[in-house]
Protein chains: 2
Amino acid sequence: MESSKARQIYLVLRDRIAGGHYADKAALPVEQDLAAEHGVSRATVRRALAALEEEGLITRRQGAGTFVSLDGKPRPIAADFSDALAHLTAMGRTTTVQLLAFGYEEASPAIADALGLQRNAMVQRSVRVRALDGAPFSHLTTFVPEAIGRTYAEADLASKPLLSLLDRSGHVLARATQSVGAQLATPDVAAALDIETGSALIALTRTVFDQDGRGIEHLAALYRPDRYVFRMDLQRDRSGARWSPALRNET
Amino acid sequence: MESSKARQIYLVLRDRIAGGHYADKAALPVEQDLAAEHGVSRATVRRALAALEEEGLITRRQGAGTFVSLDGKPRPIAADFSDALAHLTAMGRTTTVQLLAFGYEEASPAIADALGLQRNAMVQRSVRVRALDGAPFSHLTTFVPEAIGRTYAEADLASKPLLSLLDRSGHVLARATQSVGAQLATPDVAAALDIETGSALIALTRTVFDQDGRGIEHLAALYRPDRYVFRMDLQRDRSGARWSPALRNET
DNA sequence: GGAATTTGTACTCTAACCTAGACAAATATA
DNA sequence: TATATTTGTCTAGGTTAGAGTACAAATTCC
């Protein structure tokens, strides 16, 4: 079931279960209906269900039906947009970072544009994977202009947050723009995040600027949606015309 | 190429092109390298490229290479998190709404939990698709407690924003929580959004509460990432410890 | 002009995937 | 207890996708 209709259905059902669309202990639609919904034969649906069963996400009982089974399955981390990880470590859970790649190369056009560099400028590129309690949940690719990247060492990246390294570099990080989309997992990130190629990922890109509007860092992050989710609270302001972000009181 | 390795590669490359990973007019990796990257044969890569070419996203020239071709291709809309669509219509572009489903049903466990209802409570469920200049970009499923849903008519949903309808119902919408993830397109939403099953979608869920903390509306939205992107500006606050959302000055 | 690169085309073989149907076995329901 | 529902098992057959290879044709680069 490397890549096939059965796998599509498997992935869709897995997302639905993880997303609470089907509640714990609840019955899934019967195989015949799932087959109709996806326009495939029952045999194909069965292969998808078999994969889910093997993963322990569902239980099938002949004559009765198919049921969601989430006993000890962890819920995704809910991260605030503004500050991603500060409170995680405070909660006593341990995130570890693995550095997969590090080097200097010519900026691709898209990166050069984002950072406001010349087309042939050199940038430091690093690829890191972050894991929570041993379970990888994010794949981070960062681009930093060469001059700034040289202010810290490769080994620093594996142990310290990049933003704190940039702070020490003497540049004043003032503002950032970020945008969130969705992407399919390519083989390389799929391997790094321990998922299958073609899974859905949250794609976040962020560019950080200093006071003078110079680009300091460009980040392309991919998150496993079953382990990481972006959360935000909104409050209506007095006029009632707009919704504005409500800042949480967590440290 | 309904669902296959070739299709995975096609989708991945399409995302990369739309996401600016390969710049306009730039050359893609040669077929041999793409094949190696994805661990498939060159024939398979060629089928993916053929699909991209048919869509006009690339141009292939024998002996020269394969090139990105984004002439009149529209860029995705960048929406702010707090208020999604207010400024869109102000820009003169027209969004249209199509009501795909409307009715009252028993709340699923997940929905009941989100809204703080009893397990067997009835809710109004509606499914809408929103399009910009005729191109669909979002698939919205909303759940509203029955008593509140009865305060407006089915026809209202096709013409007015739901939040304004809820305003008129006499309930004071005070705060909301929303979270963003990613999901694969199921056949039904794929058809509604004019994409292929298995494409990556941004999944946003939002629950709106009134002053007393009662759930008023639960929204499950799916967005095409090539047409819609969530954007946010961040500013560092004085202490330097946190990043906080910077409110834009657009009306 | 010549060599190297890159896309285009053609072919075979194999394996995996999917459909369709029928029936059995377990369970739930009236 | 009888009936309907639902998962489990099996078979047969057809289609498609993919790997691998080889060579042709166009382009680029020296």
Side-chain angles (χ1 to χ4, degrees), chain A residues 1-14 16-17 22-23 25-69 184 186-187 190 196-198, chain B residues 1-14 16-17 22-23 25-69 184 186-187 190 196-198:
Chain A
M1 204 189 56
E2 249 290 297
S3 88
S4 56
K5 296 194 185 177
R7 205 175 79 98
Q8 291 293 348
I9 296 166
Y10 158 75
L11 291 170
V12 165
L13 292 178
R14 197 161 63 75
R16 284 193 188 161
I17 292 171
Y22 301 129
K25 311 288 176 196
L28 261 60
V30 299
E31 297 178 351
Q32 206 57 260
D33 292 356
L34 286 173
E37 180 191 356
H38 292 85
V40 298
S41 73
R42 194 178 142 230
T44 304
V45 166
R46 296 200 94 252
R47 262 184 299 144
L49 293 175
L52 290 169
E53 187 176 33
E54 198 170 352
E55 243 175 280
L57 285 170
I58 61 172
T59 311
R60 303 204 272 176
R61 295 213 328 275
Q62 189 173 157
T66 305
F67 304 90
V68 177
S69 141
L184 296 176
T186 51
E196 296 181 67
T197 304
Chain B
M1 204 189 58
E2 248 291 296
S3 87
S4 55
K5 297 196 185 176
R7 205 175 79 100
Q8 293 292 352
I9 297 166
Y10 157 75
L11 291 170
V12 164
L13 292 178
R14 196 159 64 74
R16 284 192 189 162
I17 292 172
Y22 301 130
K25 311 287 177 198
L28 261 61
V30 299
E31 298 178 352
Q32 208 55 261
D33 292 356
L34 287 173
E37 179 191 357
H38 293 86
V40 298
S41 73
R42 193 177 143 231
T44 305
V45 166
R46 297 201 95 252
R47 262 184 298 144
L49 293 176
L52 290 169
E53 186 176 32
E54 198 170 353
E55 242 176 280
L57 284 170
I58 61 171
T59 310
R60 304 204 271 178
R61 294 212 330 273
Q62 189 173 158
T66 304
F67 304 91
V68 177
S69 142
L184 296 176
T186 51
E196 294 181 68
T197 304

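The sequence lines fix the lettering, A, B, ..., with proteins before strands; numbering per chain opens at 1.
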Check your understanding: dC18(C) P sits how many Å from Leu49(A) CG, rounded?
Key -> 14 Å
Review point. Any side-chain heavy-atom pair from Lys5(B) and His38(B) closer than 4.5 angstrom?
Key: no
Review point. Val30(A) has a side chain; which of dG18(D), dA28(C), dT7(D) sits nearest to it?
Key: dT7(D)
Practice item. Figure out the CZ/P separation between Arg46(B) and dA19(D), and round it to whole Å. Key: 15 Å
Check your understanding: Does Ala64(A) or Thr44(A) map to a spot on DNA chain C nearer the 5' end, using the closest nucleotide for each?
Key -> Thr44(A)
Exercise for review: Establish, with yes or no, whether the OP1 or OP2 oxygen of dT6(C) is under 4.0 angstrom from a side-chain nitrogen or oxygen of Arg60(B).
Suggested key: no
Exercise for review: Side-chain contact test, heavy atoms from C-beta onward, threshold under 4.5 Å: evaluate it for Arg46(B) versus Arg60(B) and give yes or no.
Suggested key: yes
Exercise for review: Using a cut-off of strictly less than 4.0 Å, decide whether Arg47(A) has a side-chain nitrogen or oxygen near OP1 or OP2 of dC18(C).
Suggested key: yes
Study note, to complete from the structure: In terms of heavy-atom contacts, Arg14(B) and Leu57(B) come closest through CG-CD1, 3.7 Å
Exercise for review: Send over the distance from Arg7(B) CZ to dT16(D) C1', rounded to a whole Å.
Suggested key: 15 Å
Check your understanding: Of all the choices, dA25(D), dG18(D), dG8(D), which nucleotide is nearest to the side chain of Ser41(B) once you look at every atom?
Key -> dG18(D)
Check your understanding: Side-chain N or O of Thr66(A) less than 4.0 angstrom from OP1 or OP2 on dT7(D)?
Key -> yes
Practice item. Going by the side chain to side chain contact (heavy atoms under 4.5 Å, CB included) test, name the single residue among Glu37(B), Glu31(B), Gln32(B) that passes it with Leu34(B). Key: Glu37(B)
Check your understanding: Just to confirm, is there a sub-4.0 Å distance from OP1 or OP2 of dT28(D) to any side-chain nitrogen or oxygen of Arg61(B)?
Key -> yes
Check your understanding: Reckon Arg42(B) touches a base, only the sugar-phosphate, or nothing at all at heavy-atom distances under 4.0 Å?
Key -> base
Review point. In terms of side-chain heavy atoms of Val40(A), which of dT19(C), dT9(C), dT28(D) is nearest?
Key: dT19(C)
Practice item. Could you check how far CZ of Phe67(B) sits from C1' of dA26(D), rounded to whole Å? Key: 12 Å
Review point. So what does Ala43(A) hit on the nucleic acid, given a heavy-atom distance under 4.0 Å: a base, only sugar-phosphate, or nothing?
Key: base
Review point. Rounded to whole angstrom units, what separation is found between the CD atom of Gln32(B) and the P atom of dT7(C)?
Key: 9 Å
Exercise for review: Check the distance between dC17(C)'s P and Tyr10(A)'s OH and give it to me in whole angstrom.
Suggested key: 15 Å
**Study point:** Nearest-nucleotide comparison on DNA chain D, the residue closer to the 5′ end among Gln62(B) and Glu31(A)
**Key:** Glu31(A)
Check your understanding: Expressed in angstrom and rounded to an integer, what is the separation of Leu34(A) atom CG from dT7(D) atom C1'?
Key -> 12 Å
Check your understanding: For dA16(C), does either OP1 or OP2 sit under 4.0 Å from a side-chain N or O belonging to Lys5(B)?
Key -> no
Exercise for review: For Ala48(A) and Tyr10(A), work out which heavy atoms get closest and say how close.
Suggested key: CB-N, 3.6 Å
